[in-house]
Chemist: 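Let me give you the structure first, and then I'll get to my questions.
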Amino acid sequence: MGWLIVKKKTGFKNNEPHKPLIIRDFRYKIFYSTVGLSEIKSFNMPEGKYFLEQGNVTALGTPVNFPLIPMPKPQRKLPFPTNFEILFSENPNKCTISWTGKKIIFDNSLLEKTIPELWFILFHEYGHSLFKDEALADQMAHNLMVKRGFNPSQIGSAPITSLSSFQLERKKNIVKKILHYAKRYK
């Protein structure tokens, strides 16, 4: 076991898919785990520093190609917020985007969330540059996470654990879409 330094989106082979694989982020929070999943033979990791707590992996020459969810025509065209300042502060919402102030403000309560949860929330806000609809912003978050190097299981669990119980329909919608399109990978 030890540190994994991933310099860019990278595919990995799980050399022991019948055994649990546990990878933690730089804060030692769970980043990726196959506990409770069927045998995962390959997966992706986005750029970052990770700790391989359990498992045996080998980097692949190319990332695993997970399918994207097809998106409809955009509902609007606001500036894509990749250059917005990102900060944590008191916020009555989980996250708010200020288009005029060019800021994305996470509530301080999210500091303890996992990396996949934070990226899902951030990319959901990015999705609002093109879509007013919450479900479509979730779908865009999925696609952006796949492009960054996250896996369907991470993306599917992020809204389940980060959204409130009042967002049950959103949770069901995105998980249903992920399951539908993940079947194309197999």
Side-chain angles (χ1 to χ4, degrees), residues 6 8-10 25-27 29-32 43-48 63-185:
V6 181
K8 63 179 184 176
K9 176 182 173 179
T10 304
D25 68 18
F26 64 95
R27 304 169 299 166
K29 290 188 174 292
I30 289 289
F31 177 78
Y32 182 63
F43 62 98
N44 288 327
M45 297 282 291
E47 179 182 342
V64 180
N65 186 22
F66 293 114
L68 301 178
I69 297 172
M71 298 298 293
K73 182 180 173 183
Q75 298 169 324
R76 61 183 173 188
K77 291 212 181 210
L78 295 172
F80 204 66
T82 52
N83 63 342
F84 284 25
E85 178 184 7
I86 297 172
L87 56 115
F88 286 82
S89 183
E90 296 279 326
N91 188 340
N93 304 306
K94 286 187 188 288
C95 192
T96 305
I97 190 162
S98 169
W99 299 102
T100 56
K102 294 190 174 188
K103 292 181 181 181
I104 299 173
I105 305 144
F106 284 87
D107 184 60
N108 285 329
S109 66
L110 299 176
L111 284 167
E112 295 303 314
K113 293 293 185 186
T114 66
I115 298 291
E117 290 170 314
L118 292 171
W119 278 104
F120 180 83
I121 294 166
L122 178 65
F123 283 157
H124 172 89
E125 296 302 326
Y126 280 19
H128 281 306
S129 67
L130 299 176
F131 300 101
K132 296 176 190 174
D133 183 90
E134 296 294 324
L136 292 175
D138 289 344
Q139 289 174 206
M140 186 165 167
H142 166 274
N143 289 351
L144 292 171
M145 288 182 77
V146 166
K147 289 176 183 178
R148 183 151 188 96
F150 291 91
N151 302 285
S153 63
Q154 291 172 298
I155 302 167
S157 68
I160 290 171
T161 54
S162 66
L163 295 175
S164 76
S165 58
F166 297 109
Q167 301 297 329
L168 182 60
E169 288 308 309
R170 278 180 59 198
K171 293 179 187 189
K172 287 198 270 187
N173 178 62
I174 191 63
V175 169
K176 183 178 173 182
K177 292 272 186 185
I178 292 169
L179 289 173
H180 175 76
Y181 287 99
K183 287 179 189 173
R184 294 181 179 191
Y185 165 70

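Since this is a predicted model, take the numbers as computed values, not measurements. Below, each value reflects all heavy atoms present in this structure, side chains not excepted, and no hydrogens, waters or symmetry copies.
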Chemist: Just to verify, what does E117 make a salt bridge (charged side-chain N to carboxylate O under 4.0 Å, His left out) with, not counting sequence neighbours?
Modeler: none

Chemist: Taking all non-hydrogen atoms of both residues into account, name the closest pair between N44 and V64 and its distance.
Modeler: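 Taking N44 first and V64 second, the nearest heavy atoms are OD1-N, 2.7 Å.
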
Chemist: Please identify each residue that fulfils salt bridge (charged side-chain N to carboxylate O under 4.0 Å, His left out) with E112, with sequence neighbours left out.
Modeler: K29

Chemist: Where is the tightest heavy-atom contact between N173 and A135, given as atom of each residue plus distance?
Modeler: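 In terms of heavy atoms, the two residues are closest at ND2-CB, 3.3 Å.
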
Chemist: Is it the case that atom NZ in K113 sees more than 12 heavy atoms from other parts of the structure closer than 6.0 Å?
Modeler: yes

Chemist: Quick one: salt bridge (charged side-chain N to carboxylate O under 4.0 Å, His left out) partners of D25, sequence neighbours excluded?
Modeler: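 Residues passing salt bridge (charged side-chain N to carboxylate O under 4.0 Å, His left out) with D25: R27.
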
Chemist: Looking at every non-hydrogen atom in both residues, tell me the closest pair between I178 and I155 and how far apart they are.
Modeler: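 Residues I178 and I155, closest heavy atoms: CD1-CG2, 3.8 Å.
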
Chemist: Could you tell me which non-hydrogen atom of I174 sits nearest to which non-hydrogen atom of D138, and how far apart they are?
Modeler: CD1-O, 3.7 Å

Chemist: Does P159 reach the side chain of R170, with side-chain heavy atoms less than 4.5 Å apart?
Modeler: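 Not in contact.
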
Chemist: So how far is it from L118 CG to L110 CG, rounded to the nearest 0.5 Å?
Modeler: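 CG of L110 is found 6.5 Å from CG of L118.
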
Chemist: Per the side-chain hydrogen bond (donor to acceptor under 3.5 Å, both in side chains) rule, what does the pair list look like for residues 140-153, sequence neighbours excluded?
Modeler: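 Passing the test, one end in residues 140-153: N151-Q154.
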
Chemist: So, for Y126 and M140, which heavy atoms are closest and what is the spacing to 0.1 Å?
Modeler: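 It is O-CE, 4.3 Å.
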
Chemist: Between atom OG of S129 and atom CD of Q75, what is the distance when rounded to the nearest 0.5 Å?
Modeler: 11.0 Å

Chemist: If every non-hydrogen atom of P116 is compared with every non-hydrogen atom of M145, which pair is closest and at what distance?
Modeler: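 Result for this residue pair: O-CE, 3.4 Å.
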
Chemist: Tell me whether N93 contacts the main-chain N or O of T96 through its side chain, where contact means a donor paired with an acceptor under 3.5 Å.
Modeler: no

Chemist: Nearest 0.5 Å, please: how far is CZ in F150 from CG in L144?
Modeler: 11.0 Å

Chemist: Applying salt bridge (charged side-chain N to carboxylate O under 4.0 Å, His left out), can you list everything that pairs with K172, at least two apart in sequence or on another chain?
Modeler: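 In terms of salt bridge (charged side-chain N to carboxylate O under 4.0 Å, His left out), with neighbours along the sequence ignored, K172 is linked to E169.
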
Chemist: Please output the side-chain donor-acceptor pairs of residues 76-89 that fall under 3.5 Å, not counting sequence neighbours, one pair per line with the distance.
Modeler:
from, atom 1, to, atom 2, distance (Å)
R76, NE, H128, O, 2.8
R76, NH2, H128, O, 2.8

Chemist: With H124 as reference, evaluate E134, K94, Q139 under the side chain to side chain contact (heavy atoms under 4.5 Å, CB included) test and give the passing residue.
Modeler: E134

Chemist: How about C95 and L122: do any of their side-chain heavy atoms sit closer than 4.5 Å?
Modeler: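 With C-beta onward as the side chain, the pair stays apart.
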
